[in-house]
Amino acid sequence: MADRLRALHDALAARPGEAVPFDVLAAEVWPDEPPKHPRGALRTLVSRLRATAQVITEPAGYRLVPRPPAPCQLPADLPDFVGREEELARLALIDAPVRAITGLPGVGKTALAVREAHRLRERFPDGQLYADLRGFSSGPSMTVDQALARFVKALGGGPDDDYRTLLRHRRVLVVLDNATAEVVEPLLPATPGCAALITSRQDLPQFAQVRLGVLAEQEARELLKGMRVDGDTSELVRLCARLPLALRIAGANLAGRHLRDYVEELREHPLRALEIEDDDRAVQATFDLSYRKLSPRARRTFDLLGAVPGPDIPRALAGPAADELVAANLVQHDNGRYRLHDLLRLYAHERATEQDRATVFDWYLRRADGADAEVGVGFTRLLPPTPELVGFADREEAMAWFEAERPNLVALAEEHPDASLVAATRAYLLTTGQYADLRTIARAALDSGETGQRAAAMRVCLAYLDWRAGEHRGAIEHGERAIAEYRAAGAQTQEASALNTLAGIYHDIGELDRAREHLASAIELYGPNGMRAQLIGGLGNLGLVELELGRLTSAEDALRRSVELARETDDWQHLANGLNNLGVVLAARHRPADSEAAFGEALDLARRHGLRHVEMSARVEYAELLIATGRREEARDQARRALELAGDEDLFIEVDACLVLAEVNRSVAEYDEVLRRAAEAGFRIIEVRALAGKAALTKDKALYDRAIERAESVGLRYRADLIRKLSSGTS
């Protein structure tokens, strides 16, 4: 049977993704003596093969779906793992897709989960995902979004792919380590054939769980023996209360020491330090003993690591002394980065001095400033960078650094709010759509008491984020206060940036005269201050305002100048945005072929350079053109993709995409929902377009009149004239 299965798999794999005819498969599997009923025999073999491969039945044959490379994110299994036979047997008996291992800190939950996950690897050939969620860490926990991004990337997806969609038709094991109850649900695979293994200090009664206790006496002795601790260890086991973490630290301290002397030293310390209680002070005595055995250089490194609030530490910051910490089992090494156990992290955090924290902050700020110099081209730097920044070779290297260090940067900016660090990360976080992270750290810096231009810089960040979230009142307040602060300080470069942001807000709520006024003021400042990239963006925004005011020729002229300047300077972001806006104007001028070419180039640039905010806008605008040219299904696809990109972070794009779907579906109910949401959020342009679309669908002359009145009330002259033309054909 095994030979037949292999022959069947090989025959299907020779033509991956194609339907292989039944007779061809039968000839490959039974070359000499085919069975009397080959179709039935094939069905039997295929049913067996589906246990390890995805085979699709087609009308003319069977098709093998090639499996993508299987990721394995599991940490290495401990070579000196001992005991736990009873717990492993209980885990094996549980027939449930989600299992949990719970218990007190340091009891060995992670070690058991990793051992079990390695045992299960063959049952999950499509990969094993792992995330330390740090739910009980002294620093910020890993968020659901961060964990999902890690999983999606490992599964071969991009930043816009859905985690559970990628898991379909795969058999994947997901290990959620150090989880809290509130973050588990979104990370579970919820897909037949997949499973999850969770560790937590909290009980998780909603899942099948194994509660982990301390080691048995003999298991504790075996653990110490594996660490080359010789002699009678019975008292040491008692003093360590059979807690695996305490035993491991004690074993590390005994390197080069006499057992009896070490036990005597333990007796002199508070014995409750090793009691079986979830008590940080209880474990601290053990940490102190381990810490004292380090060299002076390793101690300094350990203290410095405690000043990093994020999940792990890069080797460039840890330095060579980290290897001694690894050897002492105080630090774990994983792919060039260093991690501390939860309790050790807390201990190190308490040992870190203010000087250690200042050193870590300076290390990150200088590199963030250097990376921003490559990534932030086209963005106005809201605060001056440090004069001692650390440079990067190119944008790719800078982006890779930001991606690796983002959790630490965000955690650092939360723990030590500082406007300079926010300004250094702003361009990266906006470009990659990490709006929630930027809002968190900008708000923290503003609330920490920043004043003057430093406060104004944070208000520019928050104005943009509030705008995209549909919170226009707050966005306008932040923008106006930032402009006033910059103007008082004579900071024209930053004032121009704030003016441009505020102009975009006024445009989206239909206050076009104010939008044009702010844009004109910004453009006046760009030239004298050498802000060529900002001039490109300002001209692009001016083109959109001129469009809404009905000045189509002026709109096209402004946008073509913006696109031309962007091409000259290889400014991909403004080029993509300008082409998108140019596509809108060309569509309004009834030049669909030219419009589609502009949208196509804009989307290509946005995807190639990771410009998520441009891509989702371009997809919505392109969808409108597709509807106008009768390609409604293509429009539906573009709108749905824009919705996926917007997620929960860009309300304007979300509502705009829903309007496109209402047009595609010709749904009065969907138009009504868009009208409700647009009115609530203050999206005047969308509201006018929705009124006009509903009027066209229902042939309601009164609704046309209402749309025209609404457009004129907010200065949307182009829209009002367009609706008049549409309504002239209504009976």
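Just so you know, these numbers use all the heavy atoms, side chains as well, and skip hydrogens, waters and symmetry mates. In this text the structure is predicted, and so the values were computed from the model without any measurement.
Using a 4.5 Å cut-off on side-chain heavy atoms (C-beta onward), Y526 and N500 make contact. Contact check for L575 versus L579: side-chain heavy atoms found under the 4.5 Å cut-off. The shortest side-chain heavy-atom distance between M616 and H613 falls under the 4.5 Å cut-off. Between E388 and L365, the closest side-chain pair of non-hydrogen atoms is not below 4.5 Å. Looking at L625 and F599, their side chains come closer than 4.5 Å, going by heavy atoms from C-beta outward. Within the 4.5 Å cutoff, side-chain heavy atoms of E405 are placed close to those of P314. Here the side chains of E403 and Y428 are in contact, with some heavy-atom distance below 4.5 Å. Proximity of L611 to N577: side-chain heavy atoms (C-beta onward) are nowhere separated by under 4.5 Å.
Comment: D369 does not engage R366 in a salt bridge, judged by the lack of any side-chain N to carboxylate O separation of less than 4.0 angstrom. Ionic pairing of D466 and R439 is present here: one or more N-O contacts between side-chain nitrogen and carboxylate oxygen are shorter than 4.0 angstrom. At a threshold of 4.0 Å, the pair R689-D656 counts as salt-bridged, since one of the basic side-chain nitrogens sits closer than that to a carboxylate oxygen. Between E556 and R560, at least one side-chain N (NZ, or NE/NH1/NH2) sits under 4.0 Å from a carboxylate O, which counts as a salt bridge. With respect to R676 and E673, a salt bridge is recorded, a charged nitrogen being found less than 4.0 Å from a carboxylate O. Comment: E654 engages R677 in a salt bridge, judged by a side-chain N to carboxylate O separation of less than 4.0 angstrom. Using a 4.0 Å cut-off between a side-chain N of Lys or Arg and a carboxylate O of Asp or Glu, E633 and R636 qualify as a salt bridge. A salt bridge does not link E414 with R443: none of the charged nitrogens is closer than 4.0 Å to a carboxylate oxygen. One finds a salt bridge joining R406 and D437 here, because a Lys/Arg side-chain nitrogen approaches an Asp/Glu carboxylate oxygen to under 4.0 Å. Electrostatic pairing of D557 and R561 does not count as a salt bridge here, judged by no charged N lying under 4.0 Å from a carboxylate O. The pair E485-R459 does not meet the salt-bridge criterion, since no charged nitrogen lies less than 4.0 angstrom from a carboxylate oxygen. A salt bridge links E615 to R619: at least one charged side-chain nitrogen sits closer than 4.0 Å to a carboxylate oxygen.
In this structure, the separation between CG on N541 and CG on N581 is 7.0 Å, given to the nearest 0.5 Å. In this structure, L499 CG and E480 CD are separated by 8.5 Å, a value rounded to the nearest 0.5 Å. Atoms CD and CG, from E546 and L512 in turn, are 10.0 Å apart once rounded to the nearest 0.5 Å. Distance check, rounded to the nearest 0.5 Å: CG of L167 to CZ of R164 gives 9.0 Å. Note that CG of L582 is 10.0 Å distant from CG of L544, once rounded to the nearest 0.5 Å. A distance of 5.0 Å separates SG in C461 from CG in L438, rounded to the nearest 0.5 Å.
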* Asked: Yes or no on side-chain contact (heavy atoms from CB on, under 4.5 Å) for I653 and V620, after CA distance, side-chain angles and deciding distance?
  -> CA-CA 8 Å; I653 293 295; V620 174; 4.2 Å; yes
* Quick one: do L502 and Y464 satisfy side-chain contact (heavy atoms from CB on, under 4.5 Å)? Show the steps, please. => CA-CA 8 Å; L502 197 52; Y464 180 86; over 6 Å; no
* To do: Applying side-chain contact (heavy atoms from CB on, under 4.5 Å), run through L549 and D513 and close with a yes or a no.
  => CA-CA 9 Å; L549 290 171; D513 290 334; 4.3 Å; yes
* Asked: Between E601 and N580, does a side-chain contact (heavy atoms from CB on, under 4.5 Å) hold up when you go through it step by step?
  -> CA-CA 8 Å; E601 187 178 358; N580 176 37; over 6 Å; no
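Side chain of R589 to backbone of R591: no donor-acceptor contact under 3.5 angstrom is found. Listed for the R514 side chain is no donor-acceptor partner under 3.5 Å among the backbone atoms of Y506. Checked by atom type and distance alone, the side chain of R632 pairs as donor or acceptor with a backbone atom of E663 at under 3.5 Å. Distance alone, capped at 3.5 Å, places no donor-acceptor pair between the N665 side chain and the S667 backbone. Between the side chain of S497 and the main chain of Q494, no donor-acceptor pair closer than 3.5 Å is present. Using a distance-only test at 3.5 Å, with no hydrogens or angles considered, a donor-acceptor pair links the side chain of D161 to the main chain of G158. Listed for the S727 side chain is a donor-acceptor partner under 3.5 Å among the backbone atoms of R724. At distances below 3.5 Å, not a single donor-acceptor pair connects side-chain atoms of S595 with backbone N or O atoms of P592. Formation of a donor-acceptor pair under 3.5 Å by the D372 side chain with backbone atoms of A368 is not found in this model. T440 places a side-chain N or O within donor-acceptor distance of the main-chain N or O of A436, the cut-off being under 3.5 Å.
In plain terms, the two heavy atoms of A463 and G479 that are nearest each other are CB-N, 3.9 Å. Residues A498 and A482 share a closest heavy-atom pair of CB-CB, 4.4 Å. Annotation for L565 and T569: closest pair O-OG1, 3.1 Å, computed over non-hydrogen atoms. Across every non-hydrogen atom of V660 and A639, the tightest pair is CG1-CB, 3.7 Å. In terms of heavy atoms, A602 sits closest to A576 at CB-O, 3.4 Å. Shortest non-hydrogen contact noted between E450 and A455 is O-CB, 3.3 Å.
For the 3.5 Å distance criterion, the side chains of Y364 and N408 qualify, holding a donor opposite an acceptor. For the residue pair T431/R612, the side-chain donor-acceptor check at 3.5 Å is not satisfied. In the model, H574 has a side-chain atom that pairs as donor or acceptor with a side-chain atom of D571 under 3.5 Å.
Under the rule for a ring-ring contact (aromatic ring centres under 6.0 Å, His included), the partners of F652 that lie at least two apart in sequence or sit in another chain are F683.
The environment of CZ in R473 is sparse: at most 12 heavy-atom neighbours from other residues, nucleotides or ligands sit within 6.0 Å. Open room surrounds CZ on R706; 12 or fewer heavy atoms of other groups in view lie less than 6.0 Å from it.
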If you look only at distance, which donor and acceptor atoms sit under 3.5 Å apart when one is on a side chain in residues 390-398 and the other is two or more places apart or in another chain?
residue : atom : partner : partner atom : Å
D394    : OD1  : E396    : N            : 3.3
D394    : OD1  : E397    : N            : 2.8
E397    : OE1  : A393    : N            : 2.5

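Tested against V460 for a side chain to side chain contact (heavy atoms under 4.5 Å, CB included), the candidates L465, I483, L382 yield a single pass: L382.
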